[in-house]
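To keep things clear, I will list the structure first and then write my remarks on it.
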Amino acid sequence: TLASLFDFSTVTGSSVISAYAPLYSSRFFGLFAIAIIDGLAKAVLIGFVIAAFINALMALDLRSRIGILGTRNATNKIIIAGYSQLAERLVHELLKRKMHFVIIEKSQEKADMLADAGYPVVIGDMTKDETYESIRIAHAKAIVLASDNEYTNLLGVITVHHRYPELRIITKASLESTATKMHRAGAELCIVPEVLAGIDMGLNILKAMAK
């Protein structure tokens with residue numbers, strides 16, 4: 001590539017430079033300088049073209065688009081909206097069972113991390129209809145709203161239940177009072193991690209005391 005960029009024939013129109021400019025003559029050094037400048041200009045131009053192409057690919061967000069294409073047609077998939085500690089444990093369990101799933105995450109940083117880990121992830125807002133339409137939620141088996149924000153989960157329940165009333169909705173809640181509101185909004189199951197952790201701890205204590 002460098003040889004073609006700095007080729008004297010592109011400047012002189014002939015591959016035999018010695019016939020036009022004797023070696024080491026003033027005309028030779030003039031043509032040599034012109035060839036160097038011409039080659040550098042071409043190299044810079046090619047660099048700009050490559051940089052523009054790379055920027056265009058980055059703007060397309062190919063990883064997110066590939067994640068959408070790979071999961072939108074999968075049947076019986078589980079949709080996980082909002083990546084949290086609860087979602088992380090669920091993902092590990094789904095991987096063990098070899099079940100299809102797709103993660104919806106609003107944070108670009110988290111989405112990049114999940115994509116780097118090889119998880120199918122789509123950047124979007126769980127409270128927006130267009131987010132679910134892009135992954136064909138009608139083909140899903142269930143949706144788990146696992147955000148750490150209760151208000152976001154509640155809005156997600158309302159959004160999904162309004163458009164897809166037959167879809168099973170599982171959501172995370174921090175308070176039992178909020179869980180009641182989510183049930184009324186259309187959630188089939190509300191998980192309060194603190195309550196479950198307390199029950200599990202109590203069972204472990206009883207087992208230890210019984211030994």
Side-chain angles (χ1 to χ4, degrees), residues 57-174 178-197 199-200:
L57 290 179
M58 293 177 66
L60 288 174
D61 196 6
L62 292 181
R63 283 189 297 186
S64 295
R65 294 181 181 272
I66 291 172
I68 294 174
L69 294 175
T71 57
R72 64 183 302 178
N73 293 321
T75 57
N76 293 328
K77 60 178 175 282
I78 306 296
I79 298 175
I80 303 172
Y83 198 74
S84 58
Q85 289 186 346
L86 176 65
E88 184 176 3
R89 294 180 182 179
L90 177 58
V91 165
H92 291 164
E93 191 63 30
L94 293 175
L95 289 173
K96 289 180 183 178
R97 298 174 182 269
K98 297 182 179 180
M99 296 179 65
H100 294 292
F101 67 91
V102 58
I103 302 170
I104 298 174
E105 177 53 52
K106 188 176 182 180
S107 168
Q108 179 73 54
E109 183 178 356
K110 281 188 178 181
D112 291 340
M113 177 193 69
L114 294 169
D116 291 338
Y119 296 155
V121 58
V122 175
I123 300 176
D125 189 341
M126 69 169 71
T127 65
K128 303 296 183 181
D129 290 336
E130 54 268 23
T131 300
Y132 298 111
E133 292 173 357
S134 67
I135 57 174
R136 295 188 180 180
I137 190 175
H139 293 180
K141 185 175 183 179
I143 181 171
V144 181
L145 303 167
S147 171
D148 288 326
N149 189 311
E150 274 190 326
Y151 181 69
T152 300
N153 288 339
L154 180 57
L155 288 181
V157 171
I158 296 172
T159 302
V160 174
H161 184 67
H162 175 70
R163 291 292 302 272
Y164 311 94
E166 302 299 324
L167 183 65
R168 301 184 65 183
I169 302 175
I170 303 169
T171 184
K172 175 187 175 184
S174 299
T178 308
T180 302
K181 296 178 183 178
M182 291 179 173
H183 276 300
R184 292 174 180 173
E188 180 178 330
L189 176 64
C190 293
I191 300 172
V192 183
E194 288 76 9
V195 174
L196 292 179
I199 294 174
D200 185 59

Identify the heavy atoms of Ala146 and Ala87 that sit nearest to each other, and give their distance. CB-CB, 3.9 Å
Would you say Tyr132 and Ile143 make side-chain contact, with heavy atoms under 4.5 Å? yes
Nearest 0.5 Å, what's the CG-NZ distance between Asn153 and Lys181? 13.5 Å
Identify the two heavy atoms, one from Ile158 and one from Ala185, that lie closest to each other, and give their separation to 0.1 Å. CG1-CB, 3.9 Å
Glu130 CD: over 12 foreign heavy atoms closer than 6.0 Å: yes
Once you round to the nearest 0.5 Å, how far does NZ of Lys128 lie from CG of Leu155? 9.0 Å
If you take all heavy atoms of His183 and Ala187, which pair is closest and at what distance? ND1-O, 3.2 Å
Can a donor-acceptor pair be found, under 3.5 Å and without considering hydrogens, that links the side chain of Thr131 to the backbone of Met126? no
Search all heavy atoms of Tyr83 against all heavy atoms of Lys110 and return the closest pair with its distance. O-NZ, 3.1 Å
Measuring only between side-chain heavy atoms, which start at C-beta, is Thr178 closer than 4.5 Å to Tyr151? no
Here the gap from Leu167 atom CG to Lys141 atom NZ, rounded to the nearest 0.5 Å, amounts to 12.0 Å
Atom NE2 in His161, atom CD in Glu188: separation rounded to 0.5 Å? 11.0 Å
Between OG on residue Ser84 and CG on residue Leu90, distance to nearest 0.5 Å: 9.0 Å
Name the one of Asp129, Ile169, Thr127 that satisfies side chain to side chain contact (heavy atoms under 4.5 Å, CB included) with Val160? Ile169
Checking side chain to side chain contact (heavy atoms under 4.5 Å, CB included) between Lys172 and each of Leu145, Val192, Leu86, Val144, which is the one that passes? Leu86
Once you round to the nearest 0.5 Å, how far does CG of Leu94 lie from NZ of Lys77? 13.5 Å
Taking every non-hydrogen atom, the tightest pair across Cys190 and Ala179: SG-O, 3.4 Å
Between Ala111 and Val121, the two heavy atoms sitting closest are O-CG1, 3.6 Å
